[in-house]
Amino acid sequence: MTDVEPKLSVKRENEDTLEAADSKRARLDANGDEPSATPVGVRKHSRDQTADENGADTKRVRQTPVKTEVKSEPAAASPRKAATPKGKYAEADSDSESESNSDSDADDKKSLAARLASKAKASPKPSPKAKAAAPSSAKKAPTPKKAAKKESSDEESEESEDSSEDEDDGSDESGSDSGSDDDSDDEDAYDDEDAPKPKKPAVKKAASPKKAAASPKTKPAAGTSKKASKSADGDGAVTKKKKKADEDDEDVHKWWEEDLTAMLGDGSERWQTLSHNGVMLAPEYVALPPQAFFKYNGQKVALSLPTEELIGFYAAMLKSDYVTKDKFNENFMVELRKVMTKEEKALITDLAKCDFTVIQDYFEQQREIRKNRTKEEKAAIKAQNEELVKQYGFCLMDGRKERIANFRVEPPGLFRGRGDHPKMGMLKRRVVPEDITINCSKDSTPPAPPAGHKWKEVICNKTVTWLASWVDGISGHAKYVMLNSASKLKGLNDMKKYEKARDLKKHIKHIRRSYTEDMSSKEMAIRQRATALHFIDRLALRCGNEKDPEEQADTVGCCSLRFEHIKLEEPSTVHFDFLGKDSIRYQNSVDVEERVYKNLIIFQKNKEEGDLLFDRLTTTALNKYLTDFMPGLTAKVFRTYNASITLQEQLKLTPTDGSIHEKVLAYNRANRAVAVLCNHQRSVPKKFGEQMDKMDEKIEAVKKELNEARKVYKETKDEKKKAAVERLKARVDSLVIQKTDKDENKTIALSTAKLNYLDPRITVAWCKRYDVPVEKIYNKTQRSKFAWSMGVPTDFTF
DNA sequence: CTCTGGGACTCAGAAAGTTATGC
DNA sequence: CGCATAACTTTCTGAGTCCCAGA
């Protein structure tokens, strides 16, 4: 692999995060992504330092590791294509237009409903499963679990089940493997006008498929053997078309094969009949055993039950870094004083004198015990759990059994806000039946509240999808119990979301042209709107609603960017550095068009830290403006659109003649590009450093071997030795790639994009085209969530 | 019409739990 | 083969988006 080289060097420099960032950039250069060179270079030096400073002064930095800073090329600055915005946009337009798939072309003018409807009929669901429901179920596994279940004899059913699940045989790997590569692709692909540029190169990591043990009815021991044998042959057969689309153990309601027009209807009613067993409340608090005691100022202190519960909550968090935060401790003490008895209050006044360690140790012990349970015990607990799921986990909606996502009411505890949340450490109080509103059919039997209690209210509201709700004590906002993602209600919405994003594709050219023009409007509000939209579109920023600083962490999105969140650097570079959703830091440096740059100078003029950059713009106004281009269009659609289109573009880089393994790698790389675009991050895994060191050692060891082998070969000229040398060399390469891959994935979270931004039809169609079993990409849960997309035609284009 | 607050639903990463893999 | 660890999966619940009604 050619790319190995650059990577190697990269790795070496990777001493610390900053270095890492640098090396990444270096890599970009190396890639030969031409023009971008300038910006990249420039950014390189100044950036790291400033990043630090900024981080420091804003002090909004979350404990997250420094994000590697990356530069992204807004499409506007896209190196490859067109230099002038105008040209570029023009091109883009035409491109995208022509590209649009037949479907959309044809349906261009139709309404979403019409489109969906026609799709349902015409669309092709090549896969067997897709065809009529009846036949398919007959042939493949009897869907109905009930039926199938007892019929275990039915081979087919088993087979399908298993294979879908396992398939993985060894290949799944994906994960870590070899990866490689990428150096070049990332940016390239982005030429496409449609696709925004990723902030940094992509790599892959994989979240690969693999089985899911989870499903409720999974098979116990017996399954294993079955599985094994089955998958063996099943696999082969499946390869191509993935004949089994089984997923379901349950009967799957193939709503997507029905008349979607009706479903989209006026949308006011989401269901007709609904019955369920209510929610599962958190268990009552049970006093700690005497050996788990609390000490204050060195003295053992007996606590009242409510106090003990709070103390216990705190003790359980001793290992987190919440306890190192003043706000958390302060809020906790306030809460503690609220529940303490007079005597306790008099005694316990200083958190520093509290000793929770005995309780903490006790919890630790309990955890050990739990971990060391025997097989039988574990099985018993599992069975119990399944019982609960059986009782509370499902509801009957419009005659269909649907799985409920969160039927367990949130238990009490100390609020764990993300980032610098003003309420962290506050007590999230216990939710009681009297807090809960139940939603179900008028004619159904409402779930019974626990003895001695009653629900706050039982209502029948068919226009909403929740089964139960209560008001969260911390935020004051409602919490809802809803169906899980495999349900029709969620699936339909999901499909609509992607259809809307595809619709945007038809308007994007026009919209881009409009906001580009508006960029020079005389009216400041319009200029701001144009500039903001430009960022939302090209950088996939979130809209950015207003927030209440007293109640929530200080995070921002595009419209709420403040003066201090961007720094301008001549001639035309914008450095973004702010905390976004979940206090995830967004750092990016972008070269923008002159007009954008000039606008930003104006917007910053006469402002200081704390002032809104887009002070004349509101999210409502922005969305209103967007709606005029296309009904239902809002800022968030751009994220979905850009994410999906990026995936589609990146997937074009898949090696046609590669192994499945390589193809999966290509997929993960594309996935990663999107994650980078959307700034989906994760904290560095605890043992990451250690694991990295281990890999280093391993690499060194193999290298040593390699050198030895070389020596021997030189001396003996034995052909056999030569082969050995080659083998070792390959091994080293592979290890290095693995390590690079792992490192690049260090702070990138792939699953969010996969689950929420990437149109599954792109993925499914890709799988079909490249003969990759979907199971390699989507695990069981994901397959059921995206069941509606499995029948997509091979030539589907987003 | 704008502003406010309630309401409902999507999307987020971490933690907890399982399973696969390597030694 | 058994154990430790790595790699996923699932669960959990916090944090956004956006709509709507009412003043």
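Hydrogens, waters and symmetry mates play no part in the numbers below; they use all other heavy atoms, side chains included. In what follows, chains carry the letters A, B, and so on, assigned in the order in which the sequence lines appear, proteins first and then strands, with residues in each chain numbered from 1.
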S.K.: Could you check A/Ala405 against A/Lys694 and say which one's nearest nucleotide on DNA chain C is further toward the 5' end?
M.R.: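 Residue closer to the 5' terminus by nearest nucleotide: A/Lys694.
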
S.K.: Hey, is the side chain of A/Arg639 poking within less than 4.0 Å of OP1 or OP2 on B/dA12, counting only N and O atoms?
M.R.: yes

S.K.: Protein-nucleotides 14-18 of chain C N/O pairs closer than 3.5 Å?
M.R.:
unit_1, atom_1, unit_2, atom_2, d
C/dG14, OP1, A/Lys428, NZ, 3.0
C/dG14, OP2, A/Lys479, NZ, 2.6
C/dA15, OP1, A/Arg418, N, 2.8
C/dA15, OP1, A/His421, ND1, 3.3
C/dA15, O4', A/Asp582, OD1, 3.1
C/dG16, OP1, A/Lys547, NZ, 3.2
C/dG16, OP1, A/Thr555, OG1, 2.5
C/dG16, OP1, A/Asp582, N, 3.3
C/dG16, OP2, A/Lys547, NZ, 2.4
C/dT17, OP1, A/Cys543, N, 3.4
C/dT17, OP1, A/Gly544, N, 2.6
C/dT17, OP2, A/Asn545, N, 2.9
C/dT17, OP2, A/Asn545, ND2, 3.0
C/dC18, OP1, A/Thr634, OG1, 2.7
C/dC18, OP1, A/Ala635, N, 3.2
C/dC18, OP1, A/Lys636, N, 2.7
C/dC18, OP2, A/Asn623, ND2, 3.1

S.K.: With sequence neighbours excluded, give me every salt bridge (charged side-chain N to carboxylate O under 4.0 Å, His left out) pair touching residues 421-430 of chain A.
M.R.: A/Glu309-A/Arg430, A/Glu410-A/Lys428, A/Lys423-A/Glu551, A/Arg429-A/Asp435

S.K.: Using side-chain hydrogen bond (donor to acceptor under 3.5 Å, both in side chains) as the criterion, list what pairs up with A/Asn493, not counting sequence neighbours.
M.R.: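 If we apply the side-chain hydrogen bond (donor to acceptor under 3.5 Å, both in side chains) test to A/Asn493, skipping adjacent residues, the hits are A/Arg270.
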
S.K.: Side-chain N or O of A/Gln681 less than 4.0 angstrom from OP1 or OP2 on B/dG13?
M.R.: no

S.K.: OP1 or OP2 of B/dG13 less than 4.0 angstrom from a side-chain nitrogen or oxygen of A/Thr752, does that happen here?
M.R.: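 A/Thr752 to B/dG13 OP1/OP2: side-chain N or O found under 4.0 Å.
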
S.K.: Pick the nucleotide of DNA chain B nearest each of A/Ser320 and A/His477; which residue has the one closer to the 5' end?
M.R.: A/His477

S.K.: Remember a base hit wins even if backbone is also touched, and classify A/Lys378 as base, sugar-phosphate or nothing at under 4.0 Å, heavy atoms.
M.R.: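 Touches nothing.
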
S.K.: Can the ring centres of A/Phe407 and A/His276 be said to be less than 6.0 Å apart?
M.R.: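 Ring-ring flag for A/Phe407/A/His276: false, centres at least 6.0 Å apart.
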
S.K.: Closest-nucleotide mapping onto DNA chain B: is A/Lys698 or A/Asn493 further toward the 5' terminus? I mean the 5' end.
M.R.: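 Its nearest nucleotide being more 5', the pick is A/Asn493.
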
S.K.: Could you name each residue pair satisfying salt bridge (charged side-chain N to carboxylate O under 4.0 Å, His left out) that touches residues 461-472 of chain A, not counting sequence neighbours?
M.R.: none

S.K.: Just to verify, what does A/Asn372 make a side-chain hydrogen bond (donor to acceptor under 3.5 Å, both in side chains) with, not counting sequence neighbours?
M.R.: none

S.K.: Mind jotting down which residue pairs meet the salt bridge (charged side-chain N to carboxylate O under 4.0 Å, His left out) criterion with at least one end in residues 614-639 of chain A? Sequence neighbours excluded, please.
M.R.: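 Non-adjacent pairs meeting salt bridge (charged side-chain N to carboxylate O under 4.0 Å, His left out): A/Lys607-A/Asp615, A/Lys624-A/Asp628.
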
